[in-house]
Amino acid sequence: MITQSGNTDLAQRDTKVLWHPCTQMKDHEAWPPIPIRRAEGVWLEDYDGNRYLDAISSWWVNLFGHANPRINAAIADQLGTLEQVMLSGFTHEPVIQLSERLIAITPEGLDRCFFADNGSSAVEIAMKMSFHFWQNNGRPGKKRFVNLANAYHGETLGALSVCDVPLYKATYGPLLLDVITAPSPDCYHREPEQSWEEYSRQQFATMEKILSQRHDEICAVIVEPLVQGAGFMRMYHPVYLQLLREACDRYEVHLIADEIATGFGRTGTLFACEQASITPDFMCLSKGITGGYLPLSVVLTTEKIYQAFYDDFINLTGFLHSHTYTGNPLACRAALATLDIFEEDNVIEHNKTLAARMARATAHFNEHPHVAEVRQSGMILAIEIVKHKQTKDPFPWQERRGRRAFRHAMEQGVVLRPMGDVIYFMPPYVITEEEIDWMARVAFDSICKATETT
Ligand SMILES: *Cc1c(COP(=O)(O)O)cnc(C)c1O
């Protein structure tokens with residue numbers, strides 16, 4: 001039973017019994033977690049009645065606002081018929097329909113869907129499938145993965161192995177797979193006169209070398225197309241993906257596109273791979289897939305990969321991987337309702353207007369003495385805060401400037417949750433242009449306050 005409480009009361013009860021994700025719990029002594037009572041559209045409301053604009057879509061999942069009537073109705077309808085059935089040996093219409101529709105909207109050639117319930121699991125599945133494919137094809141030597149510097153692919157041990165963010169990875173090094181890391185195409189460190197395309201192309205040279213020399217031991221390359229999300233929203237040019245696709249074909253190496261963050265319109269196209277006109281061998285989707293309602297993930301792959309596992313049981317070539325809640329019907333209905341909204345509301349077109357507004361609202365940020373870069377890919381806009389603008393020398397990380405900005409923004413009612421000193425917007429697509437302007441004003445003010453000396 002739920003009692004009427006205020007923020008303080010709930011925060012105190014919380015910190016006695018909970019252990020929060022991605023949090024040094026001691027931080028909560030000074031800054032308790034904020035209990036959210038309800039949410040609607042882009043707004044979160046706490047137990048004291050304060051409202052906050054959800055500028056990062058509740059960790060990048062929410063696309064069409066909280067309590068969206070159309071998604072609510074779809075889930076409610078599904079609740080009345082079937083809440084869950086195991087997907088091994090059984091099936092149901094929502095998961096079939098969702099598979100059909102995902103195959104229709106993803107790049108040509110992705111024809112099979114394997115479901116799970118979170119992003120990290122989807123990455124693990126793609127990795128296992130790739131490795132297993134080469135096993136089934138008599139190439140047992142192909143067992144290593146290539147990732148990009150600054151990559152993020154999740155937190156479970158396999159997914160963490162292909163990450164390259166030291167803050168999350170360093171401690172667990174002894175437990176992880178030995179991967180080969182190529183330099184990132186991320187354009188932040190390009191020379192002032194260099195274009196994104198030139199820089200990303202130049203960064204590909206090492207990847208080409210790795211693949212040419214070591215393809216016999218490599219099963220797959222994994223990348224986040226166009227935007228390295230948890231790696232501080234670093235961005236690169238689509239040419240890198242084209243070069244990578246060609247090289248993977250040449251050297252018989254799979255390409256895994258982790259579109260868990262970039263999928264469903266975040267980079268301006270429905271999927272980031274579209275901007276390079278490529279089809280990966282595996283595409284991982286999660287986060288926005290249910291409009292931010294329920295946990296669901298999927299790995300799409302090609303008929304060729306699927307066929308390498310298709311045989312009589314006794315030959316033991318099957319992919320015997322499972323998660324209990326795989327393809328949950330409620331989550332699938334939320335996903336179907338989300339896809340309906342994309343179609344009915346012409347969302348990708350409408351987002352162009354919102355993206356342009358975000359650019360305009362932040363155009364003057366570049367002149368701020370502590371802003372090194374404002375970069376954008378569709379509905380993601382990131383602002384890099386540094387100590388020295390010219391040299392891009394960062395503030396000492398111990399000063400936690402980004403966190404200061406976060407606090408200032410929260411006081412004014414905007415949820416910006418910076419990564420290090422990178423402040424970013426990744427709002428729900430139902431945000432209005434006026435709300436964008438206001439969000440940008442609050443962000444600018446918070447940046448000013450957070451970068452004042454000491
Ligand atoms: C969030 C994320 C993941 C992990 O998804 P979880 O559901 O948190 O396990 C993997 N890859 C990318 C690119 C992500 O942004």
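Values reported hereafter were calculated over all heavy atoms of this structure, with side chains retained and with hydrogens, waters and symmetry mates removed. What you see is a predicted model; the values in this text were computed from it and never measured. Read the numbers this way: they start at 1 and go in the same order the structure lists the ligands and their atoms. Residue numbers run from 1 in the order of the sequence given.
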Output yes when R70 and D345 qualify as a salt bridge under the 4.0 Å nitrogen-oxygen rule, no when they do not.
-> yes
Would H370 and F395 count as a close aromatic pair, with their ring centres under 6.0 Å?
-> yes
Would you say the ring centroid of F114 lies under 6.0 angstrom from that of F319?
-> yes
In terms of the angle between their ring planes, are F444 and F365 parallel, tilted or perpendicular, with boundaries placed at 30° and 60°?
-> tilted
Please check if the distance between the ring centroids of F342 and F64 is under 6.0 Å.
-> yes
Sorted by chain and residue number, the residues having a heavy atom closer than 4.0 Å to an atom of ligand 1 are W60, N118, G119, S120, Y152, H153, G154, E224, D258, I260, A261, K287
Decide, yes or no, whether a salt bridge links E208 with R250 under the criterion of side-chain N to carboxylate O below 4.0 Å.
-> yes
